[in-house]
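Have a look at the structure below before the remarks.
Numbers restart at 1 for each chain; the letters A, B, ... are given by sequence-line order, proteins then strands.
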Number of protein chains: 2
Amino acid sequence: MKNAKTPLLGYALLGLIHLKPQSGYELRKTFTDTAMGNYSDSPGAIYPALKRLERDADVMSEVQEAGGLRRRRVYRISESGMAKLKAWLREPVAPEDVRRGADELLLRFSFMERVLGATACVEFLRNFASALPPYIEHLESFLAANSTVMPLSARLALENGIRGYRSMHEWSQYALQCFLELEGNQPQQRRTKVRQKGRPS
Amino acid sequence: MKNAKTPLLGYALLGLIHLKPQSGYELRKTFTDTAMGNYSDSPGAIYPALKRLERDADVMSEVQEAGGLRRRRVYRISESGMAKLKAWLREPVAPEDVRRGADELLLRFSFMERVLGATACVEFLRNFASALPPYIEHLESFLAANSTVMPLSARLALENGIRGYRSMHEWSQYALQCFLELEGNQPQQRRTKVRQKGRPS
DNA sequence: GTTGGCATGTAATTGGTTACATGATTGG
DNA sequence: CCAATCATGTAACCAATTACATGCCAAC
């Protein structure tokens with residue numbers, strides 16, 4: 001029943017386009033320049049992915065004939081794109097996402113504040129923080145059980161993984177602190193602009 | 001001319017089979033159970049990958065009709081498989097491998113001791129350790145330059161990445177220590193398993 | 001007058017995901 | 001007998017990699 005999963009790249013693009021309308025080239029540069037380096041960065045991945053998003057009506061594009069340079073096709077997000085983005089960001093923190101390296105979770109988190117607001121971030125961080133220890137313990141007990149029969153380098157590689165997860169756990173506490181302070185300092189302020197959506201006051 | 005790159009999964013399988021001849025099912029369980037969770041674990045990926053390895057003569061298989069259970073096809077590595085594994089493990093530590101998350105580097109490292117010996121591990125760790133700081137600094141300067149215009153959650157996600165790389169750097173120092181101690185304690189010993197060669201069956 | 005950065009695309013190949021199929025054995 | 005575990009596989013679909021093609025502009 002795992003239906004129609006838009007691939008991660010699609011969501012990454014959707015999230016970035018949501019932040020501000022952009023061209024394929026800009027998006028590509030974001031991937032190469034920033035820490036999102038794990039994503040494709042190659043035109044053969046990005047342009048087709050944008051086409052798919054447009055085909056599914058999650059984004060719309062417009063060619064800008066702006067001064068001098070070659071025309072650029074600028075994408076902006078649509079209603080249905082927003083809806084998909086929100087649905088994706090609202091998915092629960094699954095243990096298997098943690099096991100798979102937490103890449104997707106971090107990607108989701110990076111877009112979360114703008115799309116869902118600070119309270120959603122806080123909840124996410126709490127779930128993330130509590131999903132980590134069980135997995136860390138699992139890895140540690142595996143290490144304890146097998147360390148004598150594993151080659152040193154394999155053991156160390158596993159230890160590196162454990163350290164990485166511990167670092168994530170510490171980070172999640174720190175991040176939670178940051179958000180709680182933010183909320184504490186601006187208690188009256190609306191954290192997102194989604195208010196006008198539903199209820200009158 | 002980046003030719004014929006065996007996909008990572010292929011190398012992961014090759015490395016595991018090198019450790020000991022195994023069946024597809026065992027390999028699959030290793031992926032699900034251990035920290036190598038980032039790799040497929042699905043039969044639709046593993047069995048075809050094994051077939052490819054066999055087609056390329058990097059592994060050979062034999063059906064074992066062992067007691068009671070369904071027959072299992074056990075794979076063992078071939079000469080050419082060993083050669084490919086070694087060549088892969090000997091590849092230099094490329095900065096782009098670091099940028100991509102260092103997954104592949106860690107996978108290589110975990111097999112390295114058995115295949116290339118401790119000295120190769122030491123060299124690898126030195127290269128790895130010195131490849132990290134430039135990238136960490138790059139991320140930090142990006143953060144410094146953009147932190148004011150980034151949403152809090154995006155900034156925190158980036159900080160998580162930086163922490164992860166710092167953790168890897170500390171780990172690499174620690175791992176280096178471990179290997180240097182090992183070499184110090186066994187100075188006469190060949191670190192590659194020379195004697196395993198002439199093993200009396 | 002050619003290099004290099006901006007900017008968009010396409011085609012062939014290949015590999016992974018998903019879902020399904022099969023079949024033997026053990027235990028409740 | 002049914003479910004679970006061991007164990008291997010196949011087929012349809014789709015996305016990513018690689019490599020190539022194009023074209024404009026600025027600067028050296």
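Atom pair E104(B):CD and dT17(D):P shows a separation of 13 Å (rounding to whole Å applied). Computed from coordinates, the L50(B) CG to dT10(D) C1' distance equals 15 Å when rounded to whole Å. Summarising the geometry, the separation between CD on Q64(A) and P on dT8(C) is reported as 10 Å, rounded to the nearest angstrom. Y47(A) places its OH atom 11 Å from the P atom of dT10(C), with the value rounded to the nearest Å. Atom pair I46(B):CD1 and dT17(C):C1' shows a separation of 13 Å (rounding to whole Å applied).
Pairs engaging residues 8-17 of chain B under the salt bridge (charged side-chain N to carboxylate O under 4.0 Å, His left out) rule: none recorded [sequence neighbours left out]. Screening residues 153-172 of chain B for salt bridge (charged side-chain N to carboxylate O under 4.0 Å, His left out) gives E140(B)-R166(B) as the qualifying pairs, with residues at least two apart or on separate chains. The list of salt bridge (charged side-chain N to carboxylate O under 4.0 Å, His left out) pairs with a residue in residues 116-128 of chain A, not counting sequence neighbours, is empty. Applying the salt bridge (charged side-chain N to carboxylate O under 4.0 Å, His left out) test to residues at least two apart or on different chains, the pairs with a partner in residues 17-32 of chain A are K20(A)-E26(A), E26(A)-R72(A). Residue pairs that meet the ring pair (Phe, Tyr, Trp, His ring centres under 6.0 Å) test with at least one member in residues 79-108 of chain A, sequence neighbours left out, are Y11(A)-W88(A).
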What nitrogen or oxygen pairs link the protein and nucleotides 20-23 of chain D at under 3.5 Å?
| residue | atom | partner | partner atom | Å |
| --- | --- | --- | --- | --- |
| dT22(D) | O2 | R70(A) | NH1 | 3.4 |

Using nucleotides 11-16 of chain D, report all nitrogen or oxygen pairs with the protein that are shorter than 3.5 Å.
| residue | atom | partner | partner atom | Å |
| --- | --- | --- | --- | --- |
| dA16(D) | OP2 | R52(A) | NH2 | 3.2 |

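The line from OG1 of T6(A) to CG of L13(A) is 11.0 Å long, rounded to the nearest 0.5 Å. In this structure, L158(A) CG and I162(A) CD1 are separated by 4.5 Å, a value rounded to the nearest 0.5 Å. For the atom pair N146(B) CG and T34(A) OG1, the distance stands at 9.0 Å (nearest 0.5 Å). Here S23(A) contributes atom OG and I17(A) contributes atom CD1; the two are 9.5 Å apart, rounded to the nearest 0.5 Å. Interatomic distance, CZ of F128(A) versus CG of L106(A), reported as 5.5 Å (0.5 Å rounding).
The side chain of R72(B) lies closest to dA7(D), out of dT17(D), dA7(D), dT8(C). Each of dT17(D), dG9(C), dT8(D) was ranked by its minimum atom distance to the side chain of R73(A); first place goes to dG9(C). Set against dT8(C), dG9(C), dT17(C), the side chain of Y75(A) has dG9(C) as its closest nucleotide.
Taking every heavy atom of both residues into account, C178(A) and L156(B) meet most closely at SG-CD2, 4.1 Å.
Listed by chain and residue number, H169(A) satisfy the side chain to side chain donor-acceptor pair (under 3.5 Å) test with Q173(A) (two or more places apart in sequence, or in another chain). Every ring-ring contact (aromatic ring centres under 6.0 Å, His included) that Y165(B) has, sequence neighbours left out, goes to Y135(B). Scored by the ring-ring contact (aromatic ring centres under 6.0 Å, His included) test, Y47(B) finds no partners at all (sequence neighbours excluded).
For the OP1/OP2 pair of dT10(D) and a distance below 4.0 Å, the side-chain nitrogens and oxygens of K51(B) include at least one atom meeting the criterion.
Taken residue by residue, residues 22-29 of chain A places heavy atoms nearer than 4.0 Å to DNA chain C at S23(A), G24(A), Y25(A), R28(A).
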Bracket notation of DNA chain C in which parentheses pair within the strand, [ ] cross earlier pairs, and | pairs with another strand (Watson-Crick or G-U, under 3.5 Å): ||||||||||||||||||||||||||||

